[in-house]
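Report on the following structure.
Below, chain A is the first sequence line, B the second, and so on; all start at residue 1. All values reported here derive from a predicted model rather than from experimental measurement.
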Number of protein chains: 2
Amino acid sequence: MEFVKIKEKLDNYIEQEGMRHSSQREEVLRTLWQSEKHLSAEELYNEVKENIGIATVYRSLNLFTECGLCNEIYFNNETTRYEISYGKKHHDHLICKKCGKYIEVRNDKIEKIQKQVARNNNFLLKSHKMDLYGVCEECQKE
Amino acid sequence: MEFVKIKEKLDNYIEQEGMRHSSQREEVLRTLWQSEKHLSAEELYNEVKENIGIATVYRSLNLFTECGLCNEIYFNNETTRYEISYGKKHHDHLICKKCGKYIEVRNDKIEKIQKQVARNNNFLLKSHKMDLYGVCEECQKE
DNA sequence: GTCTGTGCAAATTGTTTGCAACTTA
DNA sequence: TAAGTTGCAAACAATTTGCACAGAC
């Protein structure tokens with residue numbers, strides 16, 4: 001998704017909440033958007049630290065999460081990572097234990113069964129998270 | 001599983017590694033075993049703090065995890081919790097967002113599809129983790 | 001000019017570690 | 001008696017917060 005759309009969503013939220021615009025927030029958002037990877041707060045901070053303090057990075061990321069722009073990702077007990085989720089469908093992850101790479105996957109069958117499982121337990125399903133851990137193609141060759 | 005079996009597994013590991021037995025480790029293990037819930041280190045410590053320090057609780061839990069006796073569980077970014085996994089089949093969790101209760105579930109269909117997904121991506125699957133978040137039967141009534 | 005956002009440093013939380021005293025084998 | 005284990009307090013890492021100052025509207 002283009003950055004303008006993302007920015008617009010943030011701006012709407014900011015106005016709706018009576019908050020103010022700031023260049024720092026925009027820079028954090030753009031940096032996250034530009035990155036192909038899921039960044040941690042620390043990593044993101046390293047990209048912007050000439051202009052922005054770490055506390056602001058955290059505050060921005062929390063704000064983005066709050067307004068539905070981004071997702072917090074937790075793999076095991078590793079540091080929280082962030083991804084822009086706005087406009088993206090839910091996906092699961094294949095995570096390589098050797099190189100740390102992750103692959104996004106979608107599978108409708110699994111989602112169907114998940115709904116079934118929830119129904120069988122009289123559970124009202126809201127969301128889910130599935131991670132598959134293993135060794136990726138490249139790392140298997142080594 | 002009876003405690004003796006669990007204890008035996010620990011003792012074997014301890015001997016194999018040239019470590020020594022200790023009453024503290026046994027008490028931590030028994031406390032975890034007795035509990036129906038997945039305890040955090042802090043909660044476990046509260047049950048044994050008359051005899052045992054928090055550092056020993058952490059050291060014990062790490063040891064148990066290392067030797068395959070227990071599992072670390074991470075829900076979102078909450079504190080790590082522990083469950084005895086020895087002798088138990090892998091299971092997934094339904095987690096109630098309201099009361100925090102979790103239900104263990106097993107579903108072979110999902111495991112099959114997970115293997116398929118991994119194969120499609122030339123991924124060598126080692127383990128997985130699936131959490132379903134929602135509202136449990138009781139909490140829906142409120 | 002008022003009120004929000006930022007940066008810094010200090011506080012907090014969960015967990016690990018160094019070290020002297022204690023236990024086990 | 002030699003080596004591993006414990007408890008305490010200090011160290012750590014990730015994140016949040018208090019406060020004075022800067023910036024938005």
Side-chain angles (χ1 to χ4, degrees), chain A residues 7 10-32 38-67 69-83 100, chain B residues 7 10-32 38-67 69-83 100:
Chain A
K7 179 70 182 359
L10 176 60
D11 288 345
N12 288 344
Y13 186 75
I14 282 178
E15 273 147 43
Q16 166 197 321
E17 297 288 314
M19 303 167 77
R20 294 179 184 178
H21 303 275
S22 94
S23 59
Q24 286 92 330
R25 281 206 276 248
E26 179 166 345
E27 186 174 342
V28 172
L29 186 58
R30 172 167 270 123
T31 307
L32 182 60
H38 298 177
L39 295 180
S40 66
E42 186 86 34
E43 288 165 348
L44 218 167
Y45 170 64
N46 280 324
E47 310 252 320
V48 300
K49 67 172 153 225
E50 271 140 59
N51 316 309
I52 308 177
I54 185 96
T56 298
V57 169
Y58 275 107
R59 283 187 277 231
S60 301
L61 290 170
N62 288 340
L63 176 67
F64 302 160
T65 304
E66 218 175 278
C67 74
L69 265 174
C70 80
N71 259 343
E72 300 180 326
I73 322 182
Y74 324 108
F75 290 149
N76 288 336
N77 246 13
E78 288 165 30
T79 309
T80 306
R81 298 183 166 277
Y82 298 83
E83 71 178 344
Chain B
K7 180 70 185 355
L10 176 61
D11 287 345
N12 288 344
Y13 186 76
I14 282 178
E15 273 147 41
Q16 166 197 321
E17 298 288 313
M19 302 167 77
R20 292 179 183 179
H21 303 275
S22 92
S23 59
Q24 287 92 331
R25 281 206 276 248
E26 178 165 346
E27 186 174 342
V28 172
L29 185 59
R30 171 168 271 121
T31 308
L32 182 59
H38 298 176
L39 294 181
S40 66
E42 187 86 34
E43 287 166 350
L44 218 166
Y45 169 65
N46 280 323
E47 309 254 317
V48 300
K49 66 173 155 223
E50 270 140 59
N51 316 308
I52 309 178
I54 184 97
T56 299
V57 170
Y58 275 107
R59 282 186 280 232
S60 301
L61 290 170
N62 289 339
L63 175 66
F64 303 161
T65 304
E66 218 173 279
C67 74
L69 264 175
C70 80
N71 259 343
E72 300 179 325
I73 322 183
Y74 323 110
F75 290 149
N76 288 336
N77 246 15
E78 286 164 32
T79 310
T80 306
R81 297 182 166 276
Y82 299 83
E83 71 177 343

Counting distance only, does the side-chain N/O of B:R25 pair as donor-acceptor with the main-chain N or O of B:F64 below 3.5 Å? no
Distance in angstrom units between [X] [atom1] and [N] [atom2], rounded:
X     : N      : atom1 : atom2 : value
B:I54 : C:dG18 : CD1   : C1'   : 18 Å
A:N62 : D:dT15 : CG    : C1'   : 9 Å
B:H21 : C:dC22 : NE2   : P     : 23 Å
A:E17 : D:dA24 : CD    : P     : 20 Å
B:L63 : C:dT16 : CG    : P     : 13 Å
B:N76 : D:dT15 : CG    : P     : 14 Å
B:L61 : C:dG14 : CG    : P     : 15 Å
A:Q24 : C:dG5  : CD    : C1'   : 7 Å

Extract from the structure each pairing of a protein N or O with an N or O of nucleotides 19-22 of chain D at less than 3.5 Å, listing the distance.
none

Quiz question: going by heavy-atom distance under 3.5 Å, is there a donor-acceptor pair between the base of C:dT4 and the side chain of A:R20? no
Value for CG (B:N76) from CD1 (A:I73), rounded to nearest 0.5 Å, stands at 12.5 Å
To the nearest 0.5 Å, how far apart are OH in B:Y13 and CD in B:E66? 4.0 Å
Name the residue closer to the 5' end of DNA chain C, choosing between A:I14 and B:T79 according to the nucleotide with the nearest heavy atom. A:I14
Taking only N and O in the side chain of A:S22, is any of them less than 4.0 Å away from OP1 or OP2 of C:dG5? no
Shortest non-hydrogen separation from B:Q24 to B:T56 and the atoms involved: CB-CG2, 4.0 Å
Minimal non-hydrogen separation, B:H38 against B:E43, with atom names: O-OE1, 4.0 Å
State which of [options] makes the closest approach to the side chain of [X].
X     : options               : value
A:Y58 : D:dT5, D:dA14, C:dT17 : D:dA14
B:R25 : C:dC8, D:dT15, D:dT5  : D:dT5
A:T80 : D:dT15, D:dT5, C:dG14 : D:dT15

When B:V57 and B:N77 are each assigned the nearest nucleotide of DNA chain D, the 5'-most assignment goes to B:V57
Under 3.5 Å, is there a donor-acceptor pair between the B:E27 and B:N51 side chains? yes
Side chains of B:Y82 and B:L32: closer than 4.5 Å at any heavy-atom pair? yes
